[in-house]
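Let me begin by presenting the structure, written as structure tokens, before commenting on it.
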Amino acid sequence: MQILLPIVVGIFAYFGLKWFLQGPIFRSSKKLEGQTVVVTGANTGIGLETAKDLYGRGARVICLCRNVTKGQKAIDSIKQDSSSNPQTGEILLRVMDLSSMDSIRAAAEKLLQEESRLDILILNAGVMMSPRTPKTADGFDMQMGTNHLGHFLFTRLLIGLLKKTAQDHQQNVRVVTVASSAHMFADGPIRLHDLNWDNEEDFSPGQAYFQSKLANILFSRELGKRLAGTGITTYSLHPGVIATELNRHASESSNIVAFLFHFIFYTVFGGMIKTPVHGAQTTLYCSLEESLKDVTGKYYSDCKEFTPTKYAMDNEHAQELWELSEQLTKTHNLPL
Ligand SMILES: NC(=O)c1ccc[n+]([C@@H]2O[C@H](COP(=O)([O-])OP(=O)(O)OC[C@H]3O[C@@H](n4cnc5c(N)ncnc54)[C@H](OP(=O)(O)O)[C@@H]3O)[C@@H](O)[C@H]2O)c1
């Protein structure tokens with residue numbers, strides 16, 4: 001009997017904490033018939049669950065994935081899981097590797113040729129704690145290049161279509177960027193002096209990830225500012241700590257910080273942290289919540305507004321990062 005009590009308390013504590021850590025579920029009956037949504041990195045994790053939900057609301061969902069086999073498998077599974085829902089829209093696969101500007105330009109060009117509207121752009125794909133090499137095809141740091149510069153270029157190329165959608169349909173159009181609360185671990189402001197970690201001695205896989213997520217928030221903030229009055233609004237968010245494949249580099253890393261991060265979050269607490277379905281909720285909230293249609297450039301977590309660090313709210317840095325990103329992606333001559 002004496003031994004039973006701590007076991008029962010332990011079981012309650014475990015499931016109580018697990019329930020608490022899952023966070024809120026975004027409830028909305030909003031339908032998206034006739035609307036087009038693009039989700040990057042939709043073949044697994046949060047991106048897959050986001051795409052599935054929006055497809056279930058009747059949207060035409062375009063999944064941008066770098067691997068055709070994985071992308072097709074994800075789409076097949078989404079269709080199968082949604083087979084009993086009579087209100088699904090369309091779901092299709094397009095290829096884009098965010099670590100290559102050629103691939104991003106080709107994907108954007110195809111989208112511009114094929115699509116007459118784009119209502120919600122979800123910048124979700126990401127890599128975490130990848131090593132210093134390889135760099136991206138264009139010589140950028142893999143994390144900054146994929147998580148920020150790749151998405152920056154992609155968005156920059158699609159702004160005309162986003163604007164046209166807002167104008168033609170007289171409606172709110174959204175750009176949602178999946179960032180992370182990990183931006184708070186950045187040990188300084190955005191590294192405008194060495195965005196791509198060319199100075200080898202400074203590099204740490206963790207800091208490179210934190211900086212790329214800081215860049216995500218600054219980008220969303222600046223984009224919102226630059227598009228004010230166009231009908232396009234922007235949001236960045238922390239999805240929670242979620243059991244996905246994101247930790248793949250950390251689990252293999254010889255870097256002690258990366259390894260400990262993986263061990264603590266994914267091994268010790270692996271059974272408690274958010275499921276991908278729960279991890280998609282704040283993305284869905286930012287994409288669909290009606291009360292946010294006149295709000296732009298803010299940061300969210302667990303389906304509510306959150307204040308990011310002072311480095312993530314630095315408007316001067318946001319503007320400088322925008323200008324540097326334009327130079328690096330050769331988009332400074334594109335009209336906004
Ligand atoms: N999981 C968490 O705890 C957590 C916490 C905070 C923020 N986030 C953020 O949430 C977002 C989604 O992550 P997740 O947890 O769902 O991770 P995930 O399961 O690893 O999914 C990441 C997605 O990004 C794609 N991707 C990676 N590099 C790419 C590239 N070069 N080009 C195109 N696609 C690429 C992956 O494709 P492949 O399958 O082909 O690699 C995959 O589809 C990320 O931005 C991440 O930073 C996650």
Side-chain angles (χ1 to χ4, degrees), residues 21-23 38-52 63-75 78 93-104 106-107 122-130 134-138 140-151 153-154 176-185 205-206 208-217 219-220 236-251 261-262 264-266 269-270 272-283 286 299-302 306 308:
L21 291 177
Q22 296 307 305
V38 164
V39 186
T40 68
N43 59 282
T44 185
I46 309 169
L48 185 147
E49 294 302 334
T50 304
K52 191 193 291 182
C63 299
L64 265 289
C65 304
R66 61 174 159 178
N67 181 307
V68 177
T69 312
K70 281 186 183 180
Q72 197 50 57
K73 209 171 148 203
I75 286 182
I78 290 175
L93 175 66
R94 293 288 175 261
V95 180
M96 179 172 76
D97 182 346
L98 283 160
S99 67
S100 156
M101 293 211 283
D102 282 350
S103 173
I104 297 166
I122 301 178
L123 308 171
N124 162 80
V127 274
M128 180 176 79
M129 291 193 186
S130 50
K135 296 259 188 183
T136 71
D138 307 281
F140 302 147
D141 166 63
M142 186 58 79
Q143 298 187 74
M144 187 57 79
T146 305
N147 300 353
H148 167 62
L149 290 168
H151 279 137
L153 172 59
F154 187 51
V176 177
T177 306
V178 182
S180 173
S181 65
H183 77 279
M184 73 169 85
F185 301 119
Y209 181 68
F210 308 150
Q211 281 279 327
S212 74
K213 294 286 126 180
L214 175 58
N216 282 159
I217 302 174
F219 159 70
S220 179
S236 65
L237 66 105
H238 170 58
V241 179
I242 306 131
T244 64
E245 295 174 29
L246 189 68
N247 63 338
R248 59 191 107 177
H249 289 297
S251 62
F261 178 88
H262 164 74
I264 292 168
F265 280 107
Y266 293 94
F269 294 110
M272 283 191 197
I273 59 178
K274 283 188 182 184
T275 64
V277 170
H278 286 86
Q281 299 306 307
T282 306
T283 303
C286 291
Y299 172 74
Y300 299 82
S301 177
D302 276 341
F306 225 77

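Atoms within each ligand, like the ligands themselves, are counted from 1 in listed order. The first residue of the sequence shown is numbered 1, and numbering continues consecutively from there.
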- Message: Centre-to-centre under 6.0 Å for F210 and F185, is that the case here?
- Response: yes
- Do the non-hydrogen side-chain atoms of F219 and L214 ever get within less than 4.5 Å of each other? no
- Message: Determine whether a donor-acceptor pair (N or O, by modelled atom type, separation under 3.5 Å) exists between the side chain of N147 and the backbone of V127.
- Response: yes
- Item | Residue contacts for ligand 1, heavy atom to ligand atom, distance under 4.0 Å | G41, N43, T44, G45, I46, R66, K70, M96, D97, L98, S99, N124, A125, G126, V127, T146, V178, A179, S180, Y209, K213, H238, P239, G240, V241, I242, T244, E245, L246, R248, Y266
- Message: If we count only N and O atoms by modelled type, under 3.5 Å, do the side chains of S99 and D97 hold a donor and an acceptor together?
- Response: yes
- Grab the two heavy atoms, one from H183 and one from P308, that are nearest each other, plus how far apart they are. NE2-CB, 3.4 Å
Which side-chain N or O atoms in residues 275-282 pair as donor and acceptor under 3.5 Å with protein atoms at least two apart or in another chain?
residue	atom	partner	partner atom	Å
T275	OG1	H278	N	3.2
T275	OG1	H278	ND1	2.8
H278	ND1	Q22	OE1	3.2
Q281	OE1	F26	N	2.8
Q281	NE2	V277	O	2.7
T282	OG1	D302	N	3.2
T282	OG1	C303	N	3.2

